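Encoded as structure tokens, the structure appears first; notes follow it.
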Amino acid sequence: YGTEALGVMRIEKGHVTHAEINGTVTPYDLGLGKMVSATKPDFIGKAMLSREGLNTADRGQLVGIKPLDKTKSFRTGSHILSKGAAATLENDQGYITSSVFSPTLGHMIGLALVKNGSERIGENVTIWNALIHEYTEAVLCQPVFVDPENRKLHA
């Protein structure tokens, strides 16, 4: 097996790895809050989940991202800007954690941590790479790109 193929498949299915789980995110940021036990009296990390800074409304949340023009590309590490916002770090809304060309879909896809991301699905944004002065118009979407109903798993 090829690790590049595994990377493509994991992004197509919205599976997180070290790129998204970087020590600054919580299960809630990744859409995995239902996996946190409400009944266990204690578990590793439980006290940390109640810290004020880890519960603010504008935290980065996992979303999918894809270009509006399917012929355009973007790079991991690029920043997300609200549509029409000036390209400054003050306007930074998040960043792309993983990106890849999906042969299944025929275009670039990515995962990103974006402020209030789960509430912004369907919003058009600009992907900004300051290092190479690259701008790509994109849309925030659900992080599962291929077979979101898991029909193939149960075929």
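Heavy-atom basis, side chains included; hydrogens, waters and symmetry copies ignored. Keep in mind it's a predicted model, so treat the numbers as computed, not measured.
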Cluster question for you: counting only ILVMFWY and a side-chain heavy-atom cut-off of under 4.5 Å, with indirect links fine, are [X] and [Y] together?
X: Val114; Y: Val25; result: no
X: Val16; Y: Leu113; result: yes
X: Ile96; Y: Ile132; result: no
X: Val139; Y: Val146; result: no

Can you tell which of Leu30, Ile65, Leu62 makes a side chain to side chain contact (heavy atoms under 4.5 Å, CB included) with Leu111?
Leu62
Separation of [Y] [atom2] from [X] [atom1] (nearest 0.5 Å):
X: Asn22; Y: Thr97; atom1: CG; atom2: OG1; result: 8.5 Å
X: Tyr135; Y: Ile127; atom1: OH; atom2: CD1; result: 13.0 Å
X: Ser102; Y: Met108; atom1: OG; atom2: CE; result: 10.0 Å
X: Ile11; Y: Glu20; atom1: CD1; atom2: CD; result: 7.0 Å

Could you tell me if the side chain of [Y] sits less than 4.5 Å from the side chain of [X], heavy atoms only?
X: Pro103; Y: Val8; answer: yes
X: Gln142; Y: Pro148; answer: no
X: Thr126; Y: Thr136; answer: no
X: Leu49; Y: Leu54; answer: no
X: Lys66; Y: Leu105; answer: no
X: Glu12; Y: Val100; answer: no
X: Phe145; Y: Thr104; answer: no
X: Ser73; Y: Phe101; answer: no

Can you establish whether the number of heavy atoms outside Glu149 located under 6.0 Å from its atom CD is more than 12?
yes
Verify, without hydrogens or angle tests, whether Thr76 (side chain) and Ser99 (backbone) share a donor-acceptor contact under 3.5 angstrom.
yes
Return yes if some donor-acceptor pair links the side-chain N/O of Lys13 with the main-chain N/O of Asp147 below 3.5 Å, else return no.
yes
Please name the pair of heavy atoms, one in [X] and one in [Y], separated by the smallest distance, quoted to 0.1 Å.
X: Pro41; Y: Lys46; value: O-NZ, 3.3 Å
X: Asn91; Y: Ala86; value: ND2-O, 2.9 Å
X: Ile109; Y: Phe74; value: C-CZ, 3.6 Å

Assess, by modelled atom type and distance only, whether the side chains of Thr26 and Arg59 contain a donor and an acceptor separated by less than 3.5 Å.
no
Evaluate the ring planes of His79 and Trp128, with Trp represented by its six-membered ring, and classify them as parallel (under 30°), tilted (30 to 60°) or perpendicular (over 60°).
tilted
Atom pairs and distances, side-chain donor-acceptor, residues 115-125, under 3.5 Å, sequence neighbours left out:
unit_1 : atom_1 : unit_2 : atom_2 : d
Ser118 : OG     : Gln61  : OE1    : 2.8
Arg120 : NE     : Glu123 : OE1    : 2.9
Arg120 : NH1    : Gln93  : OE1    : 2.8
Arg120 : NH1    : Lys115 : O      : 3.0
Arg120 : NH2    : Ser82  : OG     : 3.4
Arg120 : NH2    : Glu123 : OE2    : 2.9

Going by the salt bridge (charged side-chain N to carboxylate O under 4.0 Å, His left out) test, which pairs reach into residues 129-142, not counting sequence neighbours?
Arg75-Glu134, Lys83-Glu137
